[in-house]
Protein chains: 2
Amino acid sequence: MSQLIATIKHLISIDEEEEAIIKSLFKPLELKAGDFFVEEGQVCRYVGFIEKGLVRYYMNDDGNHKTLYFNKEGEFVSNYQSFLPRNPSNTNIQAIEDTSLQVISFENLQRLYATVREGEKLGRLGIESVFVNSLEQLKSFYRDSPAERYRQFLHAYAELAQRIPQYYIASYVGIKPQSLSRIRKRLVSKAD
Amino acid sequence: MSQLIATIKHLISIDEEEEAIIKSLFKPLELKAGDFFVEEGQVCRYVGFIEKGLVRYYMNDDGNHKTLYFNKEGEFVSNYQSFLPRNPSNTNIQAIEDTSLQVISFENLQRLYATVREGEKLGRLGIESVFVNSLEQLKSFYRDSPAERYRQFLHAYAELAQRIPQYYIASYVGIKPQSLSRIRKRLVSKAD
DNA sequence: AGATTTCGTTCACCTGGGTTAACTAATGCA
DNA sequence: TGCATTAGTTAACCCAGGTGAACGAAATCT
């Protein structure tokens with residue numbers, strides 16, 4: 001919980017009273033590896049803050065799982081496209097490892113907006129960062145080859161590369177595991 | 001201006017007084033074909049509503065222009081990633097045709113939020129729709145081949161295909177003009 | 001109208017990711 | 001502990017898009 005408060009304090013100023021309110025609005029959630037934070041067809045009921053663990057977003061392309069994103073400890077997780085308008089989700093969010101979260105419901109988030117002075121700002125910053133991430137990822141598809149996207153993934157998530165299976169990384173990069181193997185081989189021979 | 005009001009009424013309820021306020025907060029802007037709504041490095045100062053004409057978003061990938069999106073009459077246009085946090089834009093928005101807009105500044109948008117009862121909702125719906133579009137586009141890169149993306153473009157923007165040069169469409173689809181020519185030829189031969 | 005640039009097409013050749021399949025190593029399970 | 005499944009690698013072949021160049025048709029300029 002202290003991690004969550006620290007992260008929020010990086011984004012907005014809160015006093016002790018507000019800190020107490022925020023703490024009362026979140027509740028813990030534990031996911032085992034393989035459990036779902038949201039599943040396709042369900043409405044995403046929470047925004048979660050990951051204290052420990054790792055989740056992946058993926059969509060189902062008849063049978064094929066395409067990995068869209070990862071979130072790790074210290075980050076917020078939600079399908080805002082489902083959470084905000086309260087529509088059924090068209091993507092899945094699944095724990096890759098056993099994962100501990102603090103989650104806030106839609107109703108409690110409205111309370112947070114109403115009672116914490118910079119609450120709305122917090123919400124806005126959260127959405128903005130998700131939005132910017134998705135745009136950056138889109139731009140990367142326009143700009144970069146799969147090999148380059150893999151290189152950037154390693155660069156941006158060096159420590160995660162150990163915890164995420166290759167075939168999820170391949171999927172995130174937009175290619176097949178066999179192709180990622182090939183790319184890795186090419187990178188090693190070009191070793192720098 | 002009446003187009004703008006009609007579009008807003010599709011999204012939220014406003015009374016006559018609010019309608020008058022909204023009208024007072026927008027001002028007209030005319031762009032000649034080739035003019036910029038925002039240019040890289042500038043802060044995007046407006047959200048615009050296109051009354052007539054057509055714009056494209058593109059990013060500069062050292063010399064290569066990658067087209068990210070199009071907006072036509074009846075749609076809102078802005079680089080929210082620059083407009084909201086008031087950061088310099090990393091993309092360009094350029095008129096493809098002579099374009100007539102009604103634009104609202106950041107300050108006036110805050111006034112709209114403050115004085116129109118469902119103003120905040122209007123803002124939220126606007127952002128949400130842009131966000132959803134960008135996610136759908138990202139998913140399409142994971143799911144679909146360039147040929148399929150072109151097919152979907154024709155389906156979604158049938159009337160625009162006449163007004164947008166091929167090489168912009170190719171760029172939007174994520175391929176070279178030569179490849180788009182090839183794809184078009186394949187589509188014709190498979191004619192259905 | 002004539003000259004020039006821009007746009008779209010076609011072609012030949014190249015390249016990198018997809019596919020299928022085989023194999024090994026690691027992991028999970030009984 | 002041993003067996004079965006899953007994960008990662010390699011290889012051969014295929015194919016769609018990239019590249020560079022050439023060409024004709026439009027659009028633009030003077």
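In what follows, chains are A, B, ... by sequence order, proteins preceding strands, each numbered from 1. Since we're looking at a predicted model, the values are computed, not measured.
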Margin query: I'd like to know whether the aromatic ring centres of B/Phe153 and B/Tyr172 sit less than 6.0 Å apart in this structure.
Written below: yes
Check: How are the rings of B/Phe141 and A/Tyr142 set relative to one another: parallel (under 30°), tilted (30 to 60°) or perpendicular (over 60°)?
Finding: perpendicular
Next item on the list: Applying salt bridge (charged side-chain N to carboxylate O under 4.0 Å, His left out) between A/Lys9 and each of A/Glu118, A/Glu18, A/Glu19, report the one that passes.
Entry: A/Glu19
Margin query: Going by side-chain hydrogen bond (donor to acceptor under 3.5 Å, both in side chains), A/Lys139 matches just one of B/Asp61, B/Asn90, B/Thr91. Which one?
Written below: B/Asn90
Item checked: From B/Phe26, B/Phe76, B/Phe37, residue fulfilling ring pair (Phe, Tyr, Trp, His ring centres under 6.0 Å) relative to B/Phe49 -> B/Phe76
Margin query: With heavy-atom distances below 4.5 Å as the criterion, would you say the side chains of A/Ile21 and A/Leu112 are in contact?
Written below: no
Check: Is B/Leu180 touching bases, backbone alone, or none of the nucleic acid, heavy atoms closer than 4.0 Å?
Finding: nothing
Check: With respect to the phosphate group of D/dG17, does any side-chain polar atom (N or O) of B/Ser179 fall under 4.0 Å of OP1 or OP2?
Finding: no
Check: Given A/Phe106, which of A/Phe83, A/Tyr80, A/Tyr113, A/Tyr46 fulfils the ring pair (Phe, Tyr, Trp, His ring centres under 6.0 Å) condition?
Finding: A/Phe83
Notebook entry, point to check: Where along residues 144-164 of chain A does a heavy atom come under 4.0 Å from DNA chain D, residue by residue in number order?
Noted result: none
Next item on the list: Using the salt bridge (Lys or Arg N to Asp or Glu O under 4.0 Å) rule, take A/Arg124 and A/Glu128 through it: C-alpha gap first, then chi angles, then the decisive distance, then the call.
Entry: CA-CA 6 Å; A/Arg124 209 190 65 227; A/Glu128 260 173 41; 3.4 Å; yes
Margin query: Between P on D/dG18 and NZ on B/Lys176, what's the gap in Å once rounded to a whole number?
Written below: 7 Å
Margin query: Could you tell me how far apart A/Gln178 (CD) and D/dC14 (P) are, to the nearest whole angstrom?
Written below: 17 Å
Check: Separation of A/Lys185 atom NZ from D/dT9 atom C1', in whole Å?
Finding: 8 Å
Check: For the pair made of OH in A/Tyr167 and P in D/dT5, what is the distance, rounded to whole Å?
Finding: 16 Å
Margin query: Could you tell me how far apart A/Ile183 (CD1) and D/dT10 (C1') are, to the nearest whole angstrom?
Written below: 15 Å
Next item on the list: Output yes when a side-chain donor or acceptor of A/Gln3 lies under 3.5 Å from a complementary backbone atom of A/Glu51, and no otherwise.
Entry: yes
Check: Along DNA chain C, 5' to 3', what are the outermost nucleotides having an atom less than 4.0 Å from a heavy atom of chain B?
Finding: C/dC7 to C/dC11
Notebook entry, point to check: From D/dG17, D/dG18, D/dA11, pick the nucleotide closest to the side chain of B/Arg186?
Noted result: D/dG17
Notebook entry, point to check: Looking across every strand, which nucleic acid part, if any, lies under 4.0 Å from B/Arg182 by heavy atom: base, sugar-phosphate, or nothing?
Noted result: base
